[in-house]
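Sharing a structure below in structure tokens format, with a few things to ask.
To find a chain, count down the sequence lines: A is the first, B the second, and so on, and within it residues start at 1.
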Amino acid sequence: MFAFIGFSLRRAWQGFWRNALMSLAATLTMVLMLLLLAGFFVLQNVLVASLSFVEQKVEVVAYVQNTATQDQIDGLIKQVRAMPEVASVTFVSREEALAKFRDMQAAQGRGDVTTTLDTNPLYASLNVKLRSPGDLPAVTAALGGSKIVRNVLNIQALVERVTTVTTIIRNAGAVILGIVGLIVLFIVVNTIRLAVLARAEEIEIMRLVGASDAFIRWPFIFEGGLVGLLGALITIGILAAAAQPASAAMAGFFNVLPLELGPVGRDTATLVLGTGLGLGVVGSWLSVRTYLIR
Amino acid sequence: MTQTATAPPTFLERLTGRRHAVRTSKDVVVLHGVTKRYPNGRVALRDVDLVVPEGDFVFLVGPSGAGKSTLMRLLIRDELASKGHVVVDGNDLSHLRRSDVPRIRRKIGVVFQDFKLLPRKTVRENVAFALEVTGTKRALVGPAVDRVLALVGLTGQANQLPNQLSGGEQQRTAIARALVHDPRLIIADEPTGNLDPVISWELIQLLLRINELGVTILMATHDAEVVTALRKRVVALEDGRVIRDETGATYHQAD
């Protein structure tokens, strides 16, 4: 068994270097395809992160009766916070609302009209951020059911429009990533098939001198794995070198985007390694198989 | 050491350093009622019967497309017979498990007109290749290769690449590779087809010597001079049928 594995590895290594040009071509094709795949994967992640950033902007505003006591308000905050759909709750008092209004007016360069009023006309409010915009009706209903809530701002139509758009973009991203994945699969498998085809005579001789299927197959599978592994490592190297400047540029461009590169980088490396190794092995398996079936 | 007194090791067994179970005299190849129809409908062999006893030297003659190559492909089980039985060294190939096919192929050495050597391997590596890919222990490979190279007279060219050799030397390398498994049968498909007459004769001499060592030889050829001169058994195929099977025969014009 060990002798067999040793034999296969030795043959794979020899095969790789004796056909250096073909191996290089296969490895470079692998690198290009993995870069393409990784690029689209990162893009898809950026897209998803941006979309959830947009969706997190959905906020339910419930205005509170002026007659409500602090205890009642605290109770409501506590109750809303306990809901699983709710991400965060902030209470804006009447005074804060007025101050915000004045700031906004000033920012737009308008005169302060509130000085002409003797009382504060604004209501205190609960600003509730949601985990997902789909939870809007449930949270709205819960807030509307409270006695101290005067009214809940109805943003259902707006939220639905935003959700429709983000869903379409998200699905389109997934579909494009899937198509790119298929293209990568075909090109890589085809490249390996060509590399195996170039050695059809060697396989034929092996069959003629009575080599068993395993002795023919496994060296090629190891060699395919070697091409995949090498391609994946080169790709990860290139991506790692490019990651710092790229994320700096992105942070400069979308300075609000809360994109964490850590997990995305790790996922990308896993994807590249798994795809490279997997395609190398599966590609060789399929390519050699056509010569073994008789 | 209990050597069987009645069956001393053959020259080839001494040569390759491997001792087989005592070989009983039997037929190496038996074809019975063999028909081969290809998927495209072409019938390459029709109801062929052929028995080749151990130690025979058989010329297989006939025009192109007569079924010579198909017959050889059936023997190495590259193809299966559509009807009838193909028996090699006691194994009915139509009932052979896929996993047993390599074992049968090791009993048969194949030599082609176009040599089929690996261009990036030296003579020694080409011959060793046949042992390595069949899982032979590495320590046994070197000595076995040296012995067959000595037998075919290529010891001096062992480290050359095929394109540095003459055609005759390339074909002798192919023969060495066919011999290295110590086969019962050598199948040669027009082995002299690419060689000039003098070199062809040298090669035939080599095959005769191997035959004298006890290896059965089945050789397809168009070389009338060789067939006529040697007076060996001649099996003539035409249109997929055996039309002549004579011992000590000549090459007929019709072949």
- Task: Write down the atom of B:P102, the atom of A:G210, and the distance for their closest heavy-atom approach.
- Result: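 Heavy-atom minimum between the residues: CB-O, 3.3 Å.
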- Task: State whether the number of non-hydrogen atoms from other residues, nucleotides or ligands found under 6.0 Å of B:R138 atom CZ is greater than 12.
- Result: no
- Query: By a 4.5 Å heavy-atom criterion (distance strictly below it), what part of A:F7 contacts chain B: side chain, backbone, both, or neither?
  - Reply: side chain
- Message: Testing B:D78, B:I76, B:V133 one by one against A:R207 for a side-chain contact (heavy atoms from CB on, under 4.5 Å), which residue passes?
- Response: B:D78
- Task: Answer yes or no: does atom OH of B:Y38 have more than 12 heavy-atom neighbours from other residues, nucleotides or ligands under 6.0 Å?
- Result: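 Count over threshold, so yes.
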- Message: Does B:R37 have more than 12 heavy atoms from other residues, nucleotides or ligands lying within 6.0 Å of its CZ?
- Response: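 Count not over threshold, so no.
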- Message: What part of A:R199 gets within 4.5 angstrom of chain B, counting heavy atoms only: side chain, backbone, both, or neither?
- Response: neither
- Given a strict heavy-atom distance threshold of 4.5 Å, which part of B:K121 is in contact with chain A: side chain, backbone, both, or neither? both
- To the nearest 0.5 Å, what is the distance between CG (B:L118) and CZ (A:R18)?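 These two atoms lie 9.0 Å from each other.
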- Task: With a 4.5 Å cut-off on heavy-atom pairs, point out which of B:K107, B:K137, B:R177 contacts chain A the most.
- Result: B:R177
- Roughly how far apart are B:R105 CZ and A:S212 OG, rounded to 0.5 Å? 11.5 Å
- What heavy-atom pair brings A:L208 and B:K116 nearest, and what distance separates the two atoms? CD1-CD, 4.5 Å
- Query: How about A:L182: does its CG atom have over 12 heavy atoms from other parts shown lying under 6.0 Å from it?
  - Reply: yes
- Task: Could you check if a side-chain atom of B:E132 sits within less than 4.5 angstrom of a side-chain atom of A:R10, using non-hydrogen atoms only?
- Result: no
